[in-house]
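Note that ligands are numbered from 1 as they come in the structure, with each ligand's atoms numbered from 1 the same way.
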Amino acid sequence: MTAASFVVVANRLPVDSDSDGGWRHSPGGLVTALEPVMRSTRGAWVGWPGQPDMEVEPFDFDGTRLIPVTLSTDDVELYYEGFSNDTIWPLYHDVIAAPRYSRALWEAYVQVNRRFADAAARAAAKDATVWVQDYQLQLVPAMLREHRPDLTIGYFHHIPFPAYGLYSQLPWRRQVVEGLLGADVIGFQRVADAGNFARAVRRLLHYETRASGIRVPQPDGTTRRALAKAFPISIDAASYIELAAREDIQARAREIREGLGNPAHVLLGVDRLDYTKGIGHRLKAFGELLGEGRLSVEDVTLVQVASPSRERVETYAHLRDEIELTVGRIDGDFDTVGHTAVRYLHQAFPREEMVAFFLAADVMLVTALRDGMNLVAKEYVASRTDNHGVLVLSEFAGAYDELGRAVTVNPHDIEGLKDAIMQAVNMPAAEQRRRMRSLRRRVLEHDVEDWSREFLDALADARKGAM
Ligand code: F6P
């Protein structure tokens, strides 16, 4: 196998296996962003094929070498569902749910991170660039550097990094920070996340941090400079604009509205079914507005797409029960034979159908309690090529830092959320246009290609020692 000069390491491979044994692209933004770089560098991607115990030899797919890392049923339970999604995920999202601190989960995390690091080290050519993605693999940067000091190593953290007061709960807080510091550039979604990380470094390791630079002492007594900085991720905006212009997708949007009984206002929520997304808060606010008669089921429908996620983790299973009970109650109380209050879809849809939903929706509700970025907010904005529609956006989503012209909310404040929904529903067309234009400008000017270019440029500078 020829070694690659550019290697991505992520928990998942950028493909899904289909029913007839083949592979197709998984739809994520990261895959789209990295496609041109992967192709031009004949890069390699190290990741899990998505099913337990699946053993697959490395293979080429669309110009990229894919290097599968097998996870056993136990690995999936302890490393993926356990430490990644039942310890780090709730802790890093401000302990909205209680994190599970278990030594067995930690040991599995260390062991699986080592396997990813070994696979990346084997795949990388001398002096290659390796880009590690996300919280499932926080130990990989240091593990890689230990064996391959020749490599330039980047890490991007897609989720929030919590304030030290919360982060310090983690029994392995020091090891995780040391793991991340193996990278030359550590990218975060928000300036605040990078600041929280730098503070953790100062508190735990007493290293000097200045602006975005961190002085990392080396075994030979010298120091190496790492960069910890915000690189807010974005979407492939052009592809959303293209889909929004398609006649068949516009017709589908009209069909969706008709299917809902042509209400005057369609509200939309699109989320993975995750407790960080504030779906319950959104439903509570909407239900109260119906109960108080400020909205009526003849005029307004809320479409809630909640795609299935991490269903074997107990907190997610409970959340599903809770949300479905709430939806059932609201619909039972307010539906008429011809109109529904909440149209709930526990399904995942292809991108074309999502754009049809975006075009059908007058108001998009993003009410996350904590979210690294929230790309749905950006997808909605990019799709609204007619400059109509209103985005209601939580200040606890990373997107808030860029999309300040949305109707912004604190989702914990149910009265404030209700007022924001009313403001969105009643917003005059001229104001919608003014706000949407400015939101679209930001999303179109800073797309996912800019994001990956800016990160990789910073990494190239780090390599030249030019930071
Ligand atoms: O950014 C958060 C994240 O965990 C990504 O790493 C992942 O692609 C996405 O959410 C979906 O999660 P999962 O891979 O656990 O289904």
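- Of all atoms in ligand 1, numbered sequentially from 1 with element shown, those under 4.0 Å from a heavy atom of Ile159 are 1 (O), 2 (C).
- Within a 4.0 Å radius of atom 2 (C) of ligand 1, the protein has at least one heavy atom.
- A donor-acceptor contact under 3.5 angstrom links the side chains of Glu379 and Tyr240, judged on distance only.
- The distance from ligand 1 to the heavy atoms of Tyr135 drops below 4.0 Å at these ligand atoms: 4 (O).
- Partner Arg100 forms a side chain to side chain donor-acceptor pair (under 3.5 Å) with one of Thr315, Asn85, Asp86 and no other, that one being Asp86.
- Compare Gln189, Arg12, Gln136, Arg272 by their heavy atoms: the one nearest to atom 16 (O) of ligand 1 is in Arg12.
- For atom 8 (O) of ligand 1, no protein heavy-atom neighbour is present inside the 4.0 Å cut-off.
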Pair Gln133-His158, side chain to side chain donor-acceptor pair (under 3.5 Å): steps then yes or no: CA-CA 8 Å; Gln133 306 290 330; His158 292 251; 2.7 Å; yes
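- In this structure, the protein non-hydrogen atom closest to atom 13 (P) of ligand 1 is Tyr80 OH, 3.4 Å.
- Between Ser309 and ligand 1, no N or O atom pair is found at a separation short of 3.5 Å.
- The local environment of CD in Gln347 is crowded, with over 12 non-hydrogen atoms from other residues, nucleotides or ligands closer than 6.0 Å.
- Counting non-hydrogen atoms of other residues, nucleotides and ligands closer than 6.0 Å to CD of Glu311 gives a total above 12.
- At a heavy-atom cutoff of 4.0 Å, ligand 1 is contacted by no atom of Leu30, backbone or side chain.
- Atom numbering of ligand 1 starts at 1 in the shown order; those under 4.0 Å from a heavy atom of His158 are 1 (O).
- Atom 5 (C) of ligand 1 has its closest protein heavy atom at Asp134 OD2, 3.6 Å.
- Counting heavy atoms of neighbouring residues, nucleotides and ligands inside a 6.0 Å radius, atom CD of Gln175 exceeds 12 of them.
- Expressed to the nearest 0.5 Å, how far CD of Gln304 lies from CZ of Phe286 amounts to 11.0 Å.
- For atom 12 (O) of ligand 1, the closest non-hydrogen atom on the protein side is Arg310 NH2, 2.9 Å.
- For the 3.5 Å distance criterion, the side chains of His157 and Tyr155 qualify, holding a donor opposite an acceptor.
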